[in-house]
Amino acid sequence: MSVTATVPRRRRRIGIAAGATLLVLAVSGCSGLGRTAVGPVTYKTEREAVLQVNSPTVRGCHRIAPAGAREVENGTLVDVILYRTRDCTGGGTTYVPTTFSDVTAPGSGPWRSYSFVH
């Protein structure tokens, strides 16, 4: 093999590696725009209805059904904070790590919203 044949191969490999690096950077730069918590958030309302939200967005406050929830299962890849208010404010929060669930204590009010830890 001659030295002149090695130079184009080397340039091609460098070009492919540079292109792959740029592609990875472009994809990761855009991923934060509509990032979702991959997986379901499942909850049971006070009226025994089971509702499931699949891959909700990570940002913002998510309202639970008007009746509230007494059981919540976090099947996403992101931790959740449960609130007793409709706007993700106030005390009495509950932290639910990924792939865990929580049930309200007897006599306590239902959860009415949740947000993700990010």
Side-chain angles (χ1 to χ4, degrees):
M1 182 187 315
S2 70
V3 174
T4 56
T6 307
V7 172
R9 283 187 190 165
R10 202 174 287 160
R11 284 184 185 160
R12 189 177 322 135
R13 286 183 189 156
I14 291 172
I16 290 170
T21 301
L22 287 173
L23 179 62
V24 168
L25 289 173
V27 169
S28 66
C30 295
S31 67
L33 297 176
R35 203 171 111 204
T36 62
V38 177
V41 173
T42 308
Y43 57 92
K44 186 183 283 189
T45 68
E46 293 285 320
R47 297 177 182 163
E48 301 295 322
V50 177
L51 301 169
Q52 186 175 60
V53 180
N54 287 305
S55 299
T57 60
V58 173
R59 294 183 187 255
C61 179
H62 302 274
R63 288 185 175 181
I64 294 177
R70 61 182 183 87
E71 291 181 32
V72 176
E73 181 180 344
N74 180 12
T76 71
L77 300 177
V78 184
D79 297 347
V80 167
I81 298 175
L82 301 172
Y83 299 87
R84 304 243 181 243
T85 62
R86 304 267 304 141
D87 60 356
C88 296
T89 61
T93 62
T94 301
Y95 184 88
V96 182
T98 182
T99 67
F100 277 80
S101 60
D102 201 88
V103 178
T104 60
S108 67
W111 293 298
R112 299 199 181 277
S113 62
Y114 63 94
S115 64
F116 290 97
V117 178
H118 61 97

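Every heavy atom of this structure was used, including side-chain atoms; hydrogens, water molecules and symmetry mates were not. From a predicted model like this one, the values you see are computed outputs, not experimental measurements.
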Thr85 vs Arg112, side chain to side chain contact (heavy atoms under 4.5 Å, CB included): CA-CA, chis, key distance, verdict: CA-CA 5 Å; Thr85 62; Arg112 299 199 181 277; 5.9 Å; no
From CG (Asn74) to OG1 (Thr99), nearest 0.5 Å: 7.5 Å
Within-4.5 Å side-chain heavy-atom neighbours: Glu73 and Lys44: no
Closest approach of Pro56 to Gly39 (non-hydrogen atoms, all atoms of both residues): CD-O, 3.9 Å
Side chain proximity check, Phe116 to Ile81, heavy atoms < 4.5 angstrom: no
Contact summary for Asn54 and Pro40, nearest pair of heavy atoms: OD1-CB, 3.3 Å
Partners meeting side-chain contact (heavy atoms from CB on, under 4.5 Å) with Ala69 (sequence neighbours left out): Tyr43, Ile64, Val72
Test side chain to side chain contact (heavy atoms under 4.5 Å, CB included) applied to Val41 and Thr76, step by step: CA-CA 7 Å; Val41 173; Thr76 71; 3.7 Å; yes
Pairwise side-chain contact, Arg47 with Arg70, heavy-atom cut-off 4.5 Å (strictly under): no
Flag if over 12 foreign heavy atoms under 6.0 Å of CZ, Phe100: no
Arg84 side chain near Ser108 side chain, heavy-atom distance below 4.5 Å: yes
Euclidean distance, Arg35 CZ relative to Thr57 OG1, rounded to 0.5 Å: 10.5 Å
Ring geometry between Tyr114 and His62 (parallel below 30°, tilted from 30 to 60°, perpendicular above 60°): parallel
Side chains of Ser115 and Tyr83, donor plus acceptor under 3.5 Å: yes
Residue pair Val117 / Tyr95, side-chain heavy-atom distance below 4.5 Å: yes
Close side-chain approach of Thr45 to Leu51, heavy-atom, < 4.5 Å: yes
Close side-chain approach of Thr42 and Gln52, heavy atoms under 4.5 Å: yes
Residue pair Ser113 / Arg86, side-chain heavy-atom distance below 4.5 Å: no
